[in-house]
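Taking it in order: structure first as structure tokens, then the write-up.
We count ligands from 1, going down the list as the structure has it; atoms in each ligand are counted the same way.
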Amino acid sequence: PEVITVQELANRMAERGADVIKSLMRMGVMATINQTIDADTAELVVAEFGHRMRRVSESDVEVGLKGDQDIDEDLIARAPVVTVMGHVDHGKTSLLDALRSTDVASREAGGITQHIGAYQVQLGSGGKITFIDTPGHAAFTEMRARGANVTDVVVLVVAADDGIMPQTIEAIHHAKAAQVPIIVAINKCDLPDANPDRVRQELLQHELVVEEMGGDVLAVEVSAKTRQGLDKIEEAILLQAEILELRANPNRAAEGVVIEAKLERGRGSVATVLVQRGTLRVGDIFVAGAEWGRVRALVNDRGASTDTAGPAEPIEVLGLNGTPMAGDEFAVVETEARAREITEFRQRKKREAVAAAGSRGTLEQMFTRI
Ligand code: GTP
Ligand code: MG
């Protein structure tokens, strides 16, 4: 169905009508300023102008919810978001725990208090790094694919006694598809049968050429157990982050992505989200995938309540009316009515998709969309 006039689309993107018509012409669509176009066409135009579009109902699209209105002066430096990937049992979580214990703040607070899938480490140097953990099990492919998309840098953990394995290769593919730089952590170097040279050799076969071999991939020998090389990993991440010049506007309605979500007894639906732009506040009304809610409480990675969460901060959000899925986008909206409108539309679409899939493929969906 036709959803929007060329004029309205131009207005919502804050672009000139003539430029939108030109863009349409390049796609072979001849339209006048007052003509209406369908959502698919509108989406192509929106993408060409570098904006983003959401289909909020069958008869309406929304343009520009995603960050496009940010002007350069509003952007300030933010922490890098690092996803840790690798084969099952190669030591991702151990490495994260070890890195986390270098965290100045949590050491002050008396050590590690809890374990969630995402947290921020404050380095002695004053810098911050946000880490996201991913499971190595084969059933979690989808989550790793999504993890690669929310991240600035991938730390690929390879056990030095085991070498490159199927989920290592899969993680390399995800990182490459998302065009995210890879830092290799050759882990378990404390083990007697550790063979970091073999790991570097095997990486070659997957077009990851480490610096020692004349390439540009940083590979650091580490041990989550003895803490060898932890400082070098942090250094490598900060170096990459500097090159990427990561910035975001903290002074806008929050947007980001759901890292994990579950229903917890006594707490309701709880989502761990990564704020990507803006600042999330207690009281905000927000949409997460096909669910919505009003932020009742925000709990940080140290288990402390807080009133706000800014760019690159992982935070637990309470107050959802349902449980969204890992990888769902979230965005703060103006009103409850708006939140209902968006989520009702999405839930209907979801039901339709499930009905269309029938019995076929539903098992697979269950396993890949955790
Ligand atoms: P999944 O999340 O299940 O994919 O595993 P993981 O990659 O998070 O591995 P995890 O950190 O759970 O570690 C797996 C096993 O390896 C545990 O028994 C750890 O104690 C051990 N391990 C992790 N890092 C090291 C290390 O540097 N040296 C030694 N010797 N053992 C390690
Ligand atoms: Mg783990």
Would you say the side-chain atoms of [X] and [Y] include a donor-acceptor pair closer than 3.5 Å?
{"X": "Gln201", "Y": "Asp197", "value": "no"}
{"X": "His90", "Y": "Asn187", "value": "no"}
{"X": "Thr32", "Y": "Gln35", "value": "yes"}

Could you check [atom] against the protein and tell me its nearest heavy-atom contact, residue, atom and distance included?
{"atom": "atom 7 (O) of ligand 1", "answer": "Lys92 NZ, 2.6 Å"}
{"atom": "atom 5 (O) of ligand 1", "answer": "Asp89 N, 3.1 Å"}
{"atom": "atom 27 (O) of ligand 1", "answer": "Ala224 N, 2.8 Å"}
{"atom": "atom 9 (O) of ligand 1", "answer": "Gly91 N, 3.1 Å"}

Who gets closest to [atom] by heavy atom: [options]?
{"atom": "atom 26 (C) of ligand 1", "options": "Leu95, Asp133, Asp190, Val88", "result": "Asp190"}
{"atom": "atom 12 (O) of ligand 1", "options": "Ser94, Ala185, Ala98", "result": "Ser94"}
{"atom": "atom 31 (N) of ligand 1", "options": "Met85, His90, Lys188, His87", "result": "Lys188"}
{"atom": "atom 24 (N) of ligand 1", "options": "Ile186, Thr134, Asn187", "result": "Asn187"}

Name the orientation class of the two ring planes belonging to Phe131 and Tyr119 (parallel below 30°, tilted from 30 to 60°, perpendicular beyond 60°). tilted
Would you mind running through ligand 1 and noting each atom that sits below 4.0 Å from a heavy atom of [X]?
{"X": "Lys225", "value": "26 (C), 27 (O), 28 (N), 29 (C), 30 (N)"}
{"X": "Leu191", "value": "30 (N)"}
{"X": "Ser223", "value": "27 (O)"}

Could you check whether [X] pairs with [Y] (Lys NZ or Arg NE/NH1/NH2 to Asp/Glu carboxylate O, under 4.0 Å)?
{"X": "Glu313", "Y": "Lys128", "value": "no"}
{"X": "Arg247", "Y": "Glu245", "value": "no"}
{"X": "Asp97", "Y": "Arg100", "value": "no"}

Distance filter < 2.8 Å from the Mg ion (ligand 2), protein N/O/S hits 1
I'd like to know whether CE of Met25 has more than 12 heavy-atom contacts from other residues, nucleotides or ligands below 6.0 angstrom. no
Is Lys225 atom NZ crowded by more than 12 heavy atoms from other residues, nucleotides or ligands, each under 6.0 Å away? no
Walk me through it: do Glu221 and Arg200 pass the test salt bridge (Lys or Arg N to Asp or Glu O under 4.0 Å)? CA-CA 10 Å; Glu221 292 181 22; Arg200 283 185 283 266; 3.0 Å; yes
Assess the residue pair Phe330 and Val317 against the criterion (side-chain contact (heavy atoms from CB on, under 4.5 Å)); give the C-alpha distance rounded to whole Å, side-chain angles, the decisive distance to 0.1 Å, and a yes or no. CA-CA 11 Å; Phe330 83 87; Val317 182; over 6 Å; no
